Amino acid sequence: MPFQRFMEVGRIVLINYGPEAGKLATVIDVVDQNKCLIDGPQTGRQVISFTRIALTDLTVKIQRNARPKTLAKAWEEAGTLAAWEKSSWAKKLIAKKKRASLNDFDRFKVMVARKQKREIIEKKMKELA
Amino acid sequence: MTAATKTPRYYPAEDAKPAKKVHLVKQNPPRIRKSITPGTVVIILAGRFRGKRVVCLKLLESGLLLVSGPYKINGVPLRRVNPAYVIATSTKIDVSQVDVSSITDEFFSRDKDEKKEGEQEFFAGDAPKPAVVSEQRKAEQKKVDDVLLKIVGSTEMLEGYLAARFTLSSNDKPHNMKF
């Protein structure tokens, strides 16, 4: 299967590591084999290593080295943030964070809820069997 | 040697030492970590009730925590517990209405007049003696729990939570878990 997500000008990336971890940015230029220049409404303009970012499915139509205002407008037009929030990748990240922040009582409530869900499903399965 | 102060006929063999200065040790009130306050739900980690989630009622003078199940929910009576063997959760309930002012360390002291040297008991061996709970303890338990149960009942699922034991299973990483 060929590659679907390319490192290109306009590619939206998720920063995985560093002080800006968790933010989205756009690639506006490629420096060399290992680094690119990113910018975006959420982060400042900076050179970042490929190992610190992950390519997403989203792109925006911009020219190389687009200025921040142009970039912000392009994000608006493409509806980047909304499209990102809809993706299951973003939803999974939020769920992971929520799970990590649960306290002991919350974990108990989750256990009870999963049990109830299981009982409903098993009951239905028995009927269908 | 004057006539007024003759050497006495008797004097002690050793020189009388001046009275030692009594160094009064000042006992500070016991300190406890910030996460444990009256009303915190607490997980007991060791002892007979390990794994039980109980309500912390107050800090006693000896530094131990006064804790109650409530008894009807998980079988833990009014009991003292060492705060070192306890995980404080962030779940807190309001126990300002619960009156535990009369319960101190003396409440838990053992009776001193237990004569166990009877011959019959000696030959009977180590058969487990039935635990006798004093009427005083039962009365205090009822007094405290009547109020506690109402407070616990007002929060959803809290009763079930206190009835369940805390356990670890695969994939649980206690150093990452928030309590």
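These figures come from a predicted structure and were not determined experimentally.
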For atom [atom1] of [X], is the number of surrounding heavy atoms from other residues, nucleotides or ligands below 6.0 Å larger than 12?
X	atom1	result
B:E61	CD	no
B:R33	CZ	yes
A:Q46	CD	yes
A:R67	CZ	no
A:R99	CZ	no
B:E156	CD	no
A:Q42	CD	yes

Membership question, hydrophobic clusters at under 4.5 Å side-chain separation (ILVMFWY): are [Y] and [X] in the same one?
X	Y	answer
A:F105	B:V41	yes
A:I15	A:L81	no
A:W84	A:V60	yes
A:L55	A:V47	no
B:V54	B:F49	yes

Legend entry - Toward chain A: residues of residues 90-98 of chain B with heavy atoms under 4.5 Å: B:S90, B:T91

Inset, instruction - Look at A:D104 together with B:R53 and state whether they make a salt bridge at an N to O cut-off of under 4.0 Å. - result: yes

Legend entry - Contacting region of B:L158 [heavy-atom separation from chain A under 4.5 Å]: both

Inset, instruction - List the steps and the verdict of side-chain contact (heavy atoms from CB on, under 4.5 Å) for A:L102 and B:K178. - result: CA-CA 6 Å; A:L102 293 177; B:K178 286 210 171 82; over 6 Å; no

Legend entry - Verdict with reasoning, B:M177 to A:R107, per side-chain contact (heavy atoms from CB on, under 4.5 Å): CA-CA 10 Å; B:M177 287 159 76; A:R107 266 177 261 128; 2.9 Å; yes

Legend entry - Which atom of B:M157 lies closest to which atom of A:F108, heavy atoms considered: O-CE2, 3.7 Å

Inset, instruction - Report, by ascending residue number, the residues of residues 22-39 of chain A in heavy-atom contact with chain B at a distance under 4.5 Å; give 'none' if the set is empty. - result: none

